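Each remark here refers to the structure printed beneath this line.
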Amino acid sequence: MDKDLERIVLSEEQIARKVKDAAAWLDGRFKGATAPPLAISVLKGSVFFFCDVVRAMRTNVQIDFMTVSSYGNASETSGVPKIVMDLAASVYDRDVILIEDIVDSGHTLARMRDLILGRGAKSFTVVTLFDKPARRKVDICADYSCFEIGDEFIVGYGLDYAQQYRTLPYVGILKREIYEK
Ligand code: PRP
C-alpha cells in the first residue's frame with residue numbers, strides 16, 4: 001500500500017468484481033439496442049474505470065471522451081465545472097452512457113446531464129464507481145453506483161489529490177496529514 005494512504009477501500013480484486021457487475025448491468029440495460037450506445041468517459045478521473053467497464057461489456061458501444069474539471073487543487077468544488085475538452089461525437093438521437101469515477105456534490109453530473117440532453121441525446125444513463133451522497137449539493141444520482149462512501153478523501157484508480165495518486169491500481173483513503181499540510 002502507498003505510504004500516504006490510511007487504508008485501502010477497494011482492492012484490485014474488489015474493483016475487478018465491481019467492473020464486471022457494472023458491465024453486466026449495462027449489458028442488461030442495452031440488450032436489443034438497435035444502434036450502439038455512446039459511452040463517454042468523464043476525464044480524467046474515470047479513465048481506468050471506463051476502460052475496464054467498456055471492455056467487460058458484451059454490448060457493442062462506441063466511445064468518446066470529455067474533460068471536465070471542478071476542483072483545481074482543493075478538496076472543495078467551485079460548483080462550476082468547466083468543459084476543458086469537448087466530445088468529438090454528436091450525441092443527437094443516441095443512447096448515451098456516462099461513466100464517472102465519483103459523484104460528490106453532483107455539480108459535474110448535473111452539468112453533463114443538461115449538456116447531453118440539451119444536445120438531443122435519446123437517453124442518458126450514468127454509471128459511477130463511487131457515490132458520496134453525504135456531500136451532495138444538487139439533487140441528482142447515478143443510475144448505477146458500485147460503492148457508497150462517506151465523506152473521506154479517496155485516491156487511486158483514477159482519483160487524485162492535486163493530480164497525484166491516480167495511477168495506483170487500488171483505491172484508498174488518503175491520510176489527513178497529506179491534505180491538511
Ligand atoms: C472529479 C470526479 C468527478 C467530479 C465529481 O473530477 O472525477 O468528475 O469531480 O465531483 P462533483 O460531484 O462534486 O462535481 P475533477 O473535477 O476533480 O477532475 P478530474 O476528473 O480530472 O479529477
Side-chain angles (χ1 to χ4, degrees), residues 2 4-5 8-10 14-15 18-19 22-23 26 38-54 63-89 91 96-119 121 124-176 178-181:
D2 189 278
D4 295 344
L5 299 186
I8 289 178
V9 287
L10 274 190
Q14 288 169 316
I15 289 172
K18 300 287 184 195
V19 163
L26 281 167
L38 182 69
I40 298 174
S41 166
V42 185
L43 298 171
K44 302 172 200 156
S46 79
V47 63
F48 304 121
F49 180 53
F50 175 84
C51 291
D52 287 345
V53 169
V54 292
I63 62 171
D64 206 347
F65 303 89
M66 191 160 196
T67 307
V68 185
S69 185
S70 57
Y71 285 97
N73 282 351
S75 62
E76 284 299 320
T77 175
S78 63
V80 193
K82 279 200 208 74
I83 309 296
V84 178
M85 182 190 77
D86 206 340
L87 299 168
V91 297
V96 169
I97 301 167
L98 193 84
I99 302 200
E100 264 290 17
D101 52 320
I102 189 162
V103 181
D104 192 329
S105 70
H107 285 303
T108 304
L109 184 52
R111 175 95 167 89
M112 294 297 290
R113 176 200 56 196
D114 295 349
L115 192 126
I116 285 164
L117 291 176
R119 288 178 182 178
F124 182 68
T125 300
V126 181
V127 168
T128 187
L129 178 59
F130 287 101
D131 186 17
K132 243 188 201 183
R135 300 238 319 163
R136 202 72 96 248
K137 300 258 167 54
V138 184
D139 185 19
I140 194 165
C141 61
D143 299 284
Y144 185 96
S145 164
C146 299
F147 200 84
E148 194 174 303
I149 185 125
D151 192 7
E152 287 159 311
F153 208 117
I154 49 172
V155 295
Y157 193 56
L159 292 141
D160 75 308
Y161 170 64
Q163 301 301 328
Q164 293 190 78
Y165 311 103
R166 287 196 200 271
T167 57
L168 295 175
Y170 44 79
V171 180
I173 296 176
L174 193 61
K175 287 180 181 162
R176 291 190 85 88
I178 305 290
Y179 57 91
E180 284 180 350
K181 269 194 258 195

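Nothing here was measured: the structure is a model prediction, and the numbers come from that model. Both counts, for ligands and for their atoms, begin at 1 and track the order of listing.
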Of the backbone atoms (N, CA, C, O) and the side-chain heavy atoms from C-beta on, which set of Arg166 has a member under 4.0 Å from an atom of ligand 1: side chain, backbone, both, or neither?
->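 Under 4.0 Å from ligand 1, Arg166 contributes side-chain atoms alone.
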Could you see which bit of Glu100 sits under 4.0 Å from ligand 1, with heavy atoms only: side chain, backbone, both or neither?
->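 Only the side chain of Glu100 comes within reach of ligand 1.
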Does the pair Arg166/Asp101 count as a salt bridge with the N-to-O cut at 4.0 Å?
->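 So Arg166 does not pair with Asp101 through a salt bridge.
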Where ligand 1 meets [X] - atom numbers and elements under 4.0 angstrom, heavy-atom basis:
X: Asp101; result: 2 (C), 3 (C), 7 (O)
X: Leu43; result: 20 (O), 21 (O)
X: Ser69; result: 16 (O)
X: Asp160; result: 22 (O)

May I ask you to check if ligand 1 and Val103 share an N or O to N or O distance below 3.5 Å?
-> no
Would Asp4 and Tyr165 count as having a side-chain donor-acceptor pair, cut-off 3.5 Å?
->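 Result is yes, a qualifying pair exists.
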Closest contact, heavy atoms only, Tyr170 versus Leu5 | CE1-CD1, 3.6 Å
Judged by heavy atoms only, the candidate from Ser41, Ser105, Gly106, Pro81 nearest atom 13 (O) of ligand 1 is Ser105
Nearest heavy atom to atom 18 (O) of ligand 1: which of Val68, Val84, Leu159, Ile102 does it belong to?
-> Val68
Output the distance between atom NZ (Lys137) and atom CG (Asp104), rounded to the nearest 0.5 Å.
->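 One gets 8.0 Å once the value is rounded to the nearest 0.5 Å.
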Partners passing side chain to side chain contact (heavy atoms under 4.5 Å, CB included) against Arg113 (at least two apart in sequence or in another chain) = Ala110, Leu117, Phe124, Ile140
